[in-house]
Amino acid sequence: MKVLKFGGTSVGSSKNINNVIGILENYAKKNKVVCVVSAVGGITDKLLVAGKQAQNKDTAYIDTFNLIKDIHFNIVNELNLEKSSPIIAFIDEKLNELKSLLDGIFLINELSPKTSDKLVSFGELLSSYIIAETMKNRGLSAESKNSQELMVTNSNFTKAEVDYAITNKNLQAYFNTASQQITILPGFISKSKIEEQTTLGRGGSDFTAAIVAAALKVEQLEIWTDVSGMFTTNPKLVKQAYPIEKISYQEAMELSHFGAKVLYPPTVQPVLDLNIPIHIKNTLEPEAAGTIISNEETISTSPVKGISNIGNIALLTLQGSGMIGIPGFSKRLFETLSQEKINVILITQASSEHSICLGIDENDAEVAKSAIDATFDNEIALHKIDPIIVEKDLSIIALVGDNMKNHQGISGKMFSTLGKNNINIRAIAQGASEKNISAVILQSDVKKALNTLHEQFFESKTKQLNVFITGVGNVGEKLVEQIKQQRKYLKENLKINLRVAGLSNSRKMVFSEEGIDLTHWKEQLENGEQATLDGFFENTKALNLRNSIFVDVTANKYVAGLYEKYLRQSIGVVACNKIACSSDYGNYKLLKRLSLKYNAPYLFETNVGAGLPIIDTLNNLIASGDKITSIHAVLSGSLNFVFNNFNDSTKFYDVVKQAAAEGYTEPDPRIDLSGVDVARKILILARESGVEMNLEDIENTPFLSDSGMKSDSVDDFYQTLIKDEAHYQGLYASAKANHCQLKYVAQFNDGKASVGLQEIPNDHPFYNLKGKDNIVMFYTQRYPEQPMIIKGAGAGADVTASGLFADIIRVGND
Ligand code: ADP
Ligand code: ASP
Ligand code: MG
């Protein structure tokens, strides 16, 4: 004898029912088969909706009824049963009964738990009948048997308790004599001893199957559902979740109690003592191995077997100084809840005994509050304790594993992982068996928490990074292209799964939780929603993805003004925009502090020398205990380009124009030529060396002509370059006469910084600096005479993009 159970999706369409019949037919060749079925997928919910509508005098219940009817008749038609009039007549009769019941509820305005059970029973009665008749129609030896005639319970409607003695006897008596090869039983439904219709609780078809399996002492119970087993965590919320091959009864029970819906929690009880394994299989993918639940010892690499969660939790806190050391508070609290039949899902008590925290179903919160406040009204009036505090919109997440107790530090890892991702923990409970560690968190953080914990405990080798890029001009576009090209390499070699989850230019923005398809990102962006800086932030925040990084590829001060908001959400910031780092010292420090506090990296390597590893090197020197004494540098690719191309046979104006055309200058070339850009860069290096400094503290000797300095527009400025050609030729002539090259140099010495044009002699390392190259010389305690030199291309879209990319990977390697 075999016992199989098929869930709602498995019997949710004619196609799936055909799959089920195929599976049963195959099994029935060798064994007698008992098949427990759920209602057609979604029907139980719809029946309850119709009931509620009727109860509320909402005539929409008729539409809902018609929908239920259509769903069943569609299936019946597709299974070619419509030609058989007795079958149609039976289904019609059942649906008429259902309609009358709903009309009755509408009339009397009442839906009691008893009526509710009667109402939902139609789901399983119809599905089991349709499947059995289809099989008979195809010549198979099949019968449906109403399990209400077999399963006997008490009258605890909507979640009745089974009377095993009678039920087992009924089941054994029936199956001892049943002659058909295949018996279809409706799951979930039952009757009380006085013939009232009852149910075993939502999801209870699993339980029906387990009761049958135990009564008939079969070798194995198979639960066929819409996923390939019990997964490491809910596969609908975590894409990377995978099926657990083998799991113990205790672990499966614990996971299902904490929300793994794939198994109804009481299902394990009946089979546990008899040691009947449960095999979870996928109707939609029958060849997949599935999960075996048994008492066999399992060896697994991770002590954590699975992670589950229950939503709709309310946290009740009872607190007050009057509780300390006085016995009986907890007893009265739990008695009150038990009288109200409220199930307590989680309990924690602070060691001070000053407060007790309870997690319950949110729907019970109001009843619980008034009952508890009534129990303690005396103490509340005397201010010995406070009225109970209720917090809602919470969820419990639980790590489960038999072996967790033998491993140190799992809870530490769990909480630090959550903390790093800015997930606030409201309460923690660890079962005495240490098979379960649970935490109460905000409902809105659940997806992020499950994904982060799953990554930590089951995919320790891959880290997912979610980047949100704003600014897809020259550099931004290159960055997206580089990411596209390198994604595979990063995954295979660095175990970094890099996804672009948001993109924006000044007009449009687009987001995708799964990652934007980078082959068509331009079209997607064009079709995106209208961009605003705040909108980009709000969307990024709302997606609430782990390891989120905001990448600023603009030169916009308003974008820079938002870093604070991002960091406060634990969203990292990678920027080539220099404005924030060179803004007021207080703001720079604040951003650094927030980065530490919220565990969100703030990286800006490309602020100085584009892709050259200048800031990273400086940070490494300092982190390893070195001290910077001075910095000499040529930090402007644009100025270098200008002075490398300017001589007595070229015109200053033409050279500057060319630099602008090739993208080596800021859109406003005055920012480069006035030295402001270089001053910002040396300021950032000085600050990163540990010195408190502002832009005004930097000595800036301009080389531009007076009229150039005073020009009030870019056009105006270009005109001065033509007019003042003699001034610039004078600078060149002087350098030439001294056998020197003109270089725009930044210096940091003894806590002071300066920038200015200098004549560099031919024995100086700056003399031969070509094109748009940058050079930085760090003199430190460890490099007192021969400086550490970093030299290379210091401007250009490609190298800047690769510098940004390197910062993103740095976050990944964190
Ligand atoms: P059925 O109708 O077959 O009884 P359910 O919807 O009751 O199916 O249970 C299967 C669903 O359980 C899956 O589709 C999945 O969304 C959910 N689920 C939650 N946690 C887990 C988990 N850890 N493993 C597998 N499925 C899970
Ligand atoms: N049909 C019932 C429900 O949806 C029982 C089940 O599917 O297990 O809750
Ligand atoms: Mg189920």
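As the structure is a computational prediction, the values presented were derived from the model and not from experiment. Numbering of ligands and ligand atoms starts at 1, following listing order. Just the heavy atoms: all of them, side chains too, but no hydrogens, waters or symmetry mates, feed the values below.
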Quiz item: Quick one: does ligand 1 sit under 4.0 Å from the side chain of K5, the backbone, both or neither, non-hydrogen atoms only?
Solution: side chain
Quiz prompt | Sub-4.0 Å heavy-atom contact, G203 with ligand 2 | solution = yes
Quiz item: Which one of Q430, M404, Q456, E254 satisfies the side chain to side chain contact (heavy atoms under 4.5 Å, CB included) criterion with L399?
Solution: M404
Quiz prompt | Those atoms of ligand 1 less than 4.0 Å from some heavy atom in M230 | solution = 24 (N)
Quiz item: For atom 18 (N) of ligand 1, what is the nearest protein heavy atom, given as residue, atom name and distance?
Solution: N234 OD1, 3.7 Å
Exercise. Among all protein heavy atoms, pick out the one at the shortest distance from atom 27 (C) of ligand 1; state its residue, atom name and that distance to 0.1 Å.
Key: P235 CD, 3.7 Å
Quiz item: So does E222 pair up with K2, basic N to acidic O under 4.0 Å?
Solution: yes
Quiz item: Is the gap between the ring centers of Y129 and F90 under 6.0 Å?
Solution: yes
Quiz item: Does K261, backbone or side chain, put an N or O under 3.5 Å from an N or O of ligand 1?
Solution: yes
Exercise. Please report the closest heavy-atom contact between H454 and T233, naming both atoms and the distance.
Key: CD2-CG2, 3.5 Å
Quiz item: Of all the atoms in ligand 2, which lie at a distance below 4.0 Å from a heavy atom belonging to T44?
Solution: 1 (N), 2 (C), 3 (C), 4 (O)
Quiz item: At a 4.0 Å threshold, what atoms of ligand 1 neighbour a non-hydrogen atom of V262?
Solution: 9 (O), 10 (C), 12 (O), 24 (N), 25 (C), 26 (N), 27 (C)
Quiz item: Going through the distances and angles, do E296 and K246 end up as a salt bridge (Lys or Arg N to Asp or Glu O under 4.0 Å)?
Solution: CA-CA 8 Å; E296 194 191 316; K246 288 179 176 176; 3.2 Å; yes
Exercise. Report yes if some N/O of K5 lies less than 3.5 Å from some N/O of ligand 2; otherwise report no.
Key: no
Quiz item: Is it true that E513 and K447 make a salt bridge, defined as a side-chain N closer than 4.0 Å to a carboxylate O?
Solution: yes
Quiz prompt | Candidate with minimal heavy-atom separation from atom 11 (C) of ligand 1, of T9, I223, D226, N282 | solution = D226
Practice problem: State whether K305 and D402 are salt-bridged, where the test is any N-O pair (Lys NZ or Arg NE/NH1/NH2 against Asp/Glu carboxylate O) under 4.0 Å. | Solution: no
Quiz item: Please walk me through it: do Y242 and F231 pass ring-ring contact (aromatic ring centres under 6.0 Å, His included)?
Solution: CA-CA 5 Å; Y242 52 86; F231 278 57; 8.1 Å; no
Quiz item: Is ligand 2 less than 4.0 angstrom away from at least one heavy atom of G8?
Solution: no
Quiz item: Ion pair present between E514 and K239, side-chain N to carboxylate O less than 4.0 angstrom?
Solution: yes
Quiz prompt | Atom indices of ligand 2, in the order listed, that fall short of 4.0 Å to a heavy atom of R202 | solution = 3 (C), 4 (O), 9 (O)
Quiz item: Can you list the atoms of ligand 2 that are under 4.0 Å from a heavy atom of E124?
Solution: 1 (N), 2 (C), 5 (C)
Quiz item: Which of the atoms of ligand 2 are close to F188, meaning less than 4.0 Å from one of its heavy atoms?
Solution: 2 (C), 5 (C)
Quiz item: Which of the listed options, G229, G306, A260, G259, holds the heavy atom that is closest to atom 25 (C) of ligand 1?
Solution: G229
Quiz item: Tell me: protein heavy atom nearest atom 8 (O) of ligand 1, and distance?
Solution: T225 OG1, 3.2 Å
Self-check item: Any donor-acceptor N/O pair, D361 side chain to N363 backbone, under 3.5 Å
Solution: yes
Quiz prompt | Heteroatom distance test (S38, ligand 2): nitrogen or oxygen, under 3.5 angstrom | solution = yes
Practice problem: Would you mind checking which non-hydrogen protein atom is closest to atom 16 (O) of ligand 1, with the distance to 0.1 Å? | Solution: K236 CG, 3.0 Å
Exercise. Could you tell me whether the side chain of N466 and the main chain of R499 form a donor-acceptor pair under 3.5 Å?
Key: no
Quiz item: Do ligand 1 and G8 have nitrogen or oxygen atoms that lie under 3.5 Å from each other?
Solution: yes
Practice problem: Could you walk me through whether V33 and T183 pass the side-chain contact (heavy atoms from CB on, under 4.5 Å) test, one step at a time? | Solution: CA-CA 6 Å; V33 177; T183 309; over 6 Å; no
Self-check item: Contact check: S38 vs ligand 1, nitrogen or oxygen atoms, below 3.5 angstrom
Solution: no
Self-check item: Contact partition for L255 relative to ligand 1, non-hydrogen atoms under 4.0 Å
Solution: neither
Quiz item: Hey, looking at atom 22 (C) of ligand 1, which of F231, Y242, F188, F6 has the closest heavy atom?
Solution: F231
Quiz prompt | Backbone of N282 reached by a side-chain donor or acceptor of T225 within 3.5 Å | solution = no
